[in-house]
4 protein chains.
Amino acid sequence: MAKSKDANLSPRKKPRQARSQVTVDAIFEATIQVLLVEGLQRLTTIRVAERAGTSVGTLYQYYPNKQALLFAVLQRHVGEVGEHVRRAAESVHGRPLTAIVSAVVRAFVQAKTDRIDEARALYSVAGELDSRRLVEESEERGLAVLTAVLRTSTDVQFDDLPTAAYMFMAAMIGPTTYMIEGGAPPSIMRAWSGQLESLCLGYLERAAYAIP
Amino acid sequence: MAKSKDANLSPRKKPRQARSQVTVDAIFEATIQVLLVEGLQRLTTIRVAERAGTSVGTLYQYYPNKQALLFAVLQRHVGEVGEHVRRAAESVHGRPLTAIVSAVVRAFVQAKTDRIDEARALYSVAGELDSRRLVEESEERGLAVLTAVLRTSTDVQFDDLPTAAYMFMAAMIGPTTYMIEGGAPPSIMRAWSGQLESLCLGYLERAAYAIP
Amino acid sequence: MAKSKDANLSPRKKPRQARSQVTVDAIFEATIQVLLVEGLQRLTTIRVAERAGTSVGTLYQYYPNKQALLFAVLQRHVGEVGEHVRRAAESVHGRPLTAIVSAVVRAFVQAKTDRIDEARALYSVAGELDSRRLVEESEERGLAVLTAVLRTSTDVQFDDLPTAAYMFMAAMIGPTTYMIEGGAPPSIMRAWSGQLESLCLGYLERAAYAIP
Amino acid sequence: MAKSKDANLSPRKKPRQARSQVTVDAIFEATIQVLLVEGLQRLTTIRVAERAGTSVGTLYQYYPNKQALLFAVLQRHVGEVGEHVRRAAESVHGRPLTAIVSAVVRAFVQAKTDRIDEARALYSVAGELDSRRLVEESEERGLAVLTAVLRTSTDVQFDDLPTAAYMFMAAMIGPTTYMIEGGAPPSIMRAWSGQLESLCLGYLERAAYAIP
DNA sequence: CATGAATGAGGTTTCATTCAT
DNA sequence: TATGAATGAAACCTCATTCAT
């Protein structure tokens with residue numbers, strides 16, 4: 001069983017002076033860059049600090065340990081993506097299935113591709129045992145959002161709504177992760193939003209029956 | 001850019017005596033176990049050797065380094081899964097789309113769930129930069145297989161076959177990885193094969209047009 | 001051999017304004033508190049400053065380095081205890097042995113127990129190689145004081161006065177340190193002064209011969 | 001409050017091969033030497049390993065952390081000294097007070113001065129918060145031993161035996177520590193056993209009353 | 001062949017001290 | 001003067017790998 005230190009993973013102190021905010025941002029971005037270029041195995045606190053143009057000591061003033069750094073990045077990413085999807089879903093409450101799927105998928109793909117470096121960088125981080133909880137919580141919230149919006153669809157209903165929502169979620173996240181991580185050909189990447197819409201809609205229409 | 005050691009990653013020597021084969025197998029299985037129970041971060045060669053009931057020295061007689069160990073496990077896994085899918089695909093050459101999708105998806109899900117411990121254990125290994133090539137090669141082969149079999153479908157054709165095949169692949173692998181890694185509820189896991197069939201078929205039918 | 005930095009260990013400047021004196025005192029007391037609560041190993045300049053309600057920067061305005069801080073505390077402690085003993089000894093010049101021992105031991109125990117937190121806190125500090133000289137100087141002065149007063153005793157004389165004085169000193173300081181540090185039962189602590197008197201007097205009477 | 005990790009402080013593994021025993025002994029002795037020459041603050045695992053003629057890695061094969069190393073040394077020291085005193089005390093059960101005091105004090109001083117380097121080196125270690133328990137346990141055993149032997153004295157009895165035994169203990173350990181640590185003049189050191197006997201006997205005779 | 005002791009580079013983290021604001 | 005952000009040397013500890021037995 002992995003050692004469950006459950007150490008403090010939240011950032012250490014909020015910078016008060018203006019210059020510190022710059023520093024803390026630089027560290028944050030440097031983490032993503034190092035992750036991207038070197039990979040998780042070769043991400044060291046010294047390397048991150050160097051790329052951020054500071055020193056290790058400074059890094060540790062803001063993050064209590066290396067995990068916390070990775071958490072911060074992961075958290076912001078899943079938080080922002082989740083938030084985008086949530087907003088999109090809210091905006092299409094009470095609309096037909098096609099409108100729902102279109103809006104949600106577009107928002108998701110948009111959010112992911114706007115942060116494609118982050119997404120790519122975080123692939124290995126998300127796989128770490130320590131990060132599971134964070135990711136799982138985000139997924140639970142996402143599932144709730146999808147379940148809620150699918151229920152409001154005006155033209156269709158689902159026999160097994162939980163399963164449908166889960167598959168919708170898995171069909172968005174899974175292939176997109178696969179695509180981003182695997183380095184899909186540009187032609188695929190360009191068409192991704194539409195293709196993913198097809199994938200999700202194709203499934204959901206099969207899983208639904210029309211409201212009389 | 002990650003240091004490209006590109007060390008020798010293939011196993012060191014084929015053991016000739018039966019006794020050695022037992023040892024090699026034990027090391028192999030121990031790797032999976034340690035991966036599963038402790039996680040990649042805490043996988044050390046000594047721990048693997050201990051769990052295998054041998055010593056580090058012996059481990060290094062059969063694998064030139066730690067990476068090679070992980071590679072071996074990853075390789076066997078993707079190899080076997082790929083092989084199962086390939087055979088299934090071959091067996092449904094020249095059949096209608098539904099038959100193809102059904103056979104391929106079943107074979108894939110079967111292969112994955114038969115090796116679910118491995119699949120779970122290897123999640124983080126696959127995320128490492130070092131393992132990318134191995135995974136990508138396997139994916140390329142898979143893509144070729146799917147492209148070939150889709151082309152033989154008797155009832156439908158695709159405007160953009162490469163994209164369709166890619167999406168088929170992504171729709172199988174992505175959500176399944178998501179599901180296995182995320183720890184889906186049992187109800188979902190039980191129904192997985194059917195659901196995945198729906199997902200893939202739903203997409204492919206939309207991407208295809210009937211042969212006149 | 002320990003690196004002999006011999007840095008400046010005396011406080012940096014005498015604060016002129018009343019406000020500063022408050023700060024210096026706060027830092028001084030904070031040092032004792034941190035020592036007591038956290039131990040020497042966990043005493044950091046930042047922790048001291050925080051507990052004193054100031055910042056590290058300010059701390060360094062009054063003490064040139066961390067050692068100086070500890071020295072100041074140790075110095076005041078041994079200084080005050082020594083001073084008390086010295087005064088007591090002076091007050092019994094030319095009296096019989098029992099009076100001398102009684103006065104000196106009482107003064108010593110009184111001074112120590114009045115500052116028992118300090119005494120406890122400083123135990124580990126005094127053990128550090130760096131503090132040896134400070135402690136030794138104080139002990140030399142103490143030895144001189146005891147030698148002087150014993151010589152004035154009206155009823156007894158010593159064959160080997162230096163040894164007698166040394167043993168007197170060791171018999172006061174040694175067991176008291178042992179008792180304070182070891183956390184003696186309350187019954188012992190309450191009776192300490194009397195017991196210590198017995199101990200010292202028992203020894204000195206054996207070492208002395210009556211003046212005819 | 002000091003962080004109470006209570007980590008594993010017992011040695012890590014018993015060496016099986018002959019050469020390892022040499023190594024582990026070298027590390028043990030090196031610890032004492034470094035403690036003596038450099039002091040606790042400057043004792044680092046690397047320095048210990050270097051002086052032992054090995055590498056840090058090897059050190060950590062036998063001791064799980066730095067504390068464990070110090071514990072081992074401290075433990076052996078207090079264990080051996082305690083054992084010597086215990087044996088001496090046993091050998092004078094049922095003898096007159098003078099015989100008891102003489103035997104016990106001699107054994108104690110002998111044991112300490114035979115290991116004077118260790119004794120000196122361990123002074124600061126014993127002051128560490130982490131080591132308290134170890135020392136206290138030893139002291140409790142010692143107290144029990146002294147209480148038991150004093151009770152068997154044929155010629156005297158004590159009104160308050162616990163206090164008498166405690167003072168006996170404090171009168172041996174306290175001044176001796178003071179003397180060793182303070183670097184007493186050679187004349188004192190040579191005479192130490194006799195002086196300490198006087199000190200203890202002087203006290204105990206005052207605390208006792210003759211058996212009629 | 002098998003063992004496990006030894007190595008040491010490299011990673012994480014702390015903290016005394018400085019200095020711009 | 002006071003602050004606290006920044007620095008980086010140095011400490012602890014791990015672990016892949018080698019090699020004598």
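Just so we're on the same page: letters track the sequence lines, and every chain starts at 1. Computed over heavy atoms, backbone and side chain alike; hydrogens, waters and symmetry mates excluded. Since the model is a prediction, treat every value here as computed from it, not as a measurement.
Within the 4.5 Å cutoff, the side chain of A:L134 has no heavy atoms near those of the A:L9 side chain. The closest side-chain heavy-atom distance from A:T23 to A:L59 is not below 4.5 Å.
In this entry the distance linking CD of A:Q61 with C1' of E:dT12 reads 16 Å, nearest Å. Protein atom OH of C:Y60 is 6 Å distant from nucleotide atom P of E:dA16, rounded to whole Å. In this structure, D:Q21 places its CD atom 11 Å from P of E:dA6, rounding to the nearest Å. In this structure, D:E38 places its CD atom 14 Å from C1' of F:dA10, rounding to the nearest Å. Between the OH atom of D:Y63 and the P atom of E:dA5 there is a distance of 14 Å, given to the nearest Å. Regarding D:E50, its CD atom lies at a distance of 13 Å from the C1' atom of F:dA11, rounded to whole Å. One interatomic measurement links the two molecules: CG of A:N65 to P of E:dT14, which rounds to 8 Å at whole-angstrom precision. We find that CZ of D:R47 is positioned 13 Å from C1' of F:dA9, with the value rounded to whole Å.
Distances were taken from every side-chain heavy atom of B:S55 (C-beta onward) to each of E:dA6, E:dA2, F:dC13; the shortest belongs to E:dA2. The listed nucleotides are E:dT13, F:dC13, F:dA5; the one nearest the side chain of A:T45 is E:dT13. Ranking F:dA6, E:dA2, E:dG11 by closeness to the A:T58 side chain, first place goes to F:dA6. Of the candidate nucleotides E:dA2, E:dG8, E:dT17, E:dT17 has the atom nearest to the side chain of C:K66.
Within the 4.0 Å cut-off from OP1 or OP2 of F:dT1, not a single side-chain nitrogen or oxygen of C:S20 is found. Regarding contacts with the backbone of F:dA6, a side-chain N or O of A:Y62 is found under 4.0 angstrom from either OP1 or OP2. When the side-chain nitrogen and oxygen atoms of B:R42 are compared with OP1 and OP2 of F:dC15, none of them lie within a distance under 4.0 Å.
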Applying the Watson-Crick and G-U criteria (both distances under 3.5 angstrom) with [ ] for crossing and | for other-strand pairs, one obtains for DNA chain E .||||||||||||||||||||
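A:T45 places no side-chain N or O within donor-acceptor distance of the main-chain N or O of A:K66, the cut-off being under 3.5 Å. Looking at C:R47, its side chain does come within 3.5 Å of a backbone N or O of C:R42 through a donor-acceptor pair.
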Note to self: Using the rule given for side-chain contact (heavy atoms from CB on, under 4.5 Å), can you reason through C:H77 versus C:L122, listing the C-alpha separation, both sets of side-chain angles and the distance that settles it, and then say yes or no?
What the structure shows: CA-CA 9 Å; C:H77 184 81; C:L122 289 168; 3.4 Å; yes
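Of the residues near DNA chain E, B:L59 and C:T44, the one whose nearest nucleotide (by heavy atom distance) lies more toward the 5' end is B:L59. Where C:T54 and D:Q41 each meet DNA chain F at their nearest nucleotide, the meeting point lying more 5' is that of C:T54. Nearer to the 5' terminus of DNA chain E, by closest-nucleotide assignment, is the contact made by D:G53 (compared with the other of D:G53 and A:I46).
With respect to A:R132 and B:E181, a salt bridge is recorded, a charged nitrogen being found less than 4.0 Å from a carboxylate O. A salt bridge between D:R76 and D:E118 is present, with a side-chain N of the basic residue lying under 4.0 Å from a carboxylate O of the acidic one.
When the P atom is used for both E:dC1 and F:dT21, the distance is 22 Å, rounded to whole Å.
Counting any heavy atom pair closer than 4.0 Å across all strands shown, A:L43 reaches sugar-phosphate atoms only and no base atom.
Scored by the side-chain contact (heavy atoms from CB on, under 4.5 Å) test, C:D117 finds C:L36 as partners (sequence neighbours excluded).
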